[in-house]
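Reminder, nothing fancy here: chain letters follow the sequence lines and each chain counts from 1.
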Amino acid sequence: MIAAYIVAAVIYLTYTWSLWSRTRAASRRSRDPDAAHP
Amino acid sequence: MTAELEQAQRIVRRGSWLIAVALAAAAGIYVLALAFTPLEVRQGLAQKIFYIHAPAAWAAMLAFTLVGLTSGLYLWLGDLRLDRFAAASAEVGVAFCAVVLTTGPIWGKPIWGTWWTWDARLTLTLFLFFLFLGYLVLRRALHDPSERGRFSAVVGILGTLLVPFIHLSVYLFRTLHPQPVLLKPSAPSMPPEMLRTLLASFATFTLLYLGFVTVRYGLSLMLEAEEASAGA
């Protein structure tokens with residue numbers, strides 16, 4: 001039963017991290033467009 | 001920095017706050033469900049999965065229903081914001097559906113004696129999950145925004161047609177899955193302490209859905225602004 005709570009938390013936190021890393025990468029590219037296209 | 005990019009970053013910031021509040025509330029739900037909600041007599045501890053499984057299913061069905069509605073409106077009005085929202089909602093729906101499909105079997109093993117059975121509701125939910133995974137893959141494969149919007153809107157609408165079947169599957173088919181205790185025409189069939197936890201959980205995961213969709217929508221805007229500046 002605790003396993004279900006852990007699995008759900010892992011999925012939610014992984015998706016949160018995925019959104020965070022993608023938005024961070026996009027805003028970094030917008031500040032320095034040359035870094036994305038060397 | 002362009003006005004579009006600034007707007008996108010504002011949306012992402014707003015969504016991030018929503019996610020932070022929702023995740024903190026979810027931690028509270030965990031404590032409430034595990035420590036302050038009574039044990040169900042017949043199922044014991046396994047029943048507590050219900051407080052995270054049912055709200056995740058609600059959030060997934062809400063997400064996919066909104067994909068269908070906004071996709072239909074996109075085909076009618078051609079407004080790119082609707083397509084952007086549909087894409088965001090589909091991705092978030094897949095995340096919630098993954099929670100449903102993993103927590104369900106963890107409950108099924110002690111109660112049914114098996115991790116999985118090809119029951120109507122389980123099978124249809126698995127199909128829905130794969131259908132929206134396909135939707136997301138299709139979006140990545142198409143580069144023309146108009147073509148991507150139209151093709152994925154059709155897939156999104158067809159996928160959403162499964163949602164009412166999934167909700168009604170426990171009435172339409174002979175199924176092992178428990179009947180609804182909350183989303184049904186009659187009054188909720190559970191004690192007030194359990195109902196309180198369940199309602200709080202529904203509110204929390206609806207808020208988490210809103211936070212995820214807001215950030216995902218803002219991310220789409222950021223990527224579009226990037227494409228526009230690269231093409232300019």
Contact class of [X] relative to chain A, heavy atoms under 4.5 angstrom:
{"X": "B:Phe50", "result": "neither"}
{"X": "B:Ala225", "result": "neither"}
{"X": "B:Ala98", "result": "both"}
{"X": "B:Val92", "result": "both"}

Please name the pair of heavy atoms, one in [X] and one in [Y], separated by the smallest distance, quoted to 0.1 Å.
{"X": "A:Ala9", "Y": "B:Tyr30", "answer": "N-OH, 3.3 Å"}
{"X": "B:Leu223", "Y": "A:Ala26", "answer": "CD2-CB, 4.2 Å"}
{"X": "B:Phe212", "Y": "A:Leu19", "answer": "CD2-CD1, 3.7 Å"}
{"X": "B:Val99", "Y": "A:Ala8", "answer": "CG1-CB, 3.9 Å"}

How about B:Arg81: does its CZ atom have over 12 heavy atoms from other parts shown lying under 6.0 Å from it?
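Atom CZ in B:Arg81 is not packed in, count stays at 12 or less.
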Residue by residue, scan residues 12-25 of chain B and write down, ordered by number, those that have a heavy-atom distance under 4.5 Å to chain A; if none do, write 'none'.
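The residues closer than 4.5 Å to chain A, in numerical order, are B:Val12, B:Ile19, B:Leu23.
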What are the residues of residues 123-132 of chain B, in order of number, with any heavy atom under 4.5 angstrom from a heavy atom of chain A?
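At a heavy-atom separation under 4.5 Å, chain A is reached by no residue of residues 123-132 of chain B.
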Given side chains that start at C-beta, do those of A:Ile2 and B:Leu34 come closer than 4.5 Å, heavy atoms only?
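A:Ile2 reaches B:Leu34 side chain to side chain.
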Heavy-atom distance under 4.5 Å between the side chains of B:Glu226 and A:Ser30, does that happen here?
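Not touching, per the 4.5 Å side-chain cut-off.
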How long is the straight-line distance from CD1 of A:Ile11 back to CD1 of B:Ile52, given to the nearest 0.5 Å?
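If we round to the nearest 0.5 Å, B:Ile52:CD1 and A:Ile11:CD1 are 9.5 Å apart.
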Which value, rounded to the nearest 0.5 Å, describes the distance between B:Met222 atom CE and A:Ser27 atom OG?
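The distance works out to 4.5 Å.
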Ion pair check, B:Glu91 and A:Arg22, cut-off under 4.0 Å:
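Here B:Glu91 pairs with A:Arg22 in a salt bridge, since their nearest N and O are under 4.0 Å apart.
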Hey, would you say the B:Phe96 and A:Tyr15 ring centroids sit under 6.0 Å apart?
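Ring-ring flag for B:Phe96/A:Tyr15: false, centres at least 6.0 Å apart.
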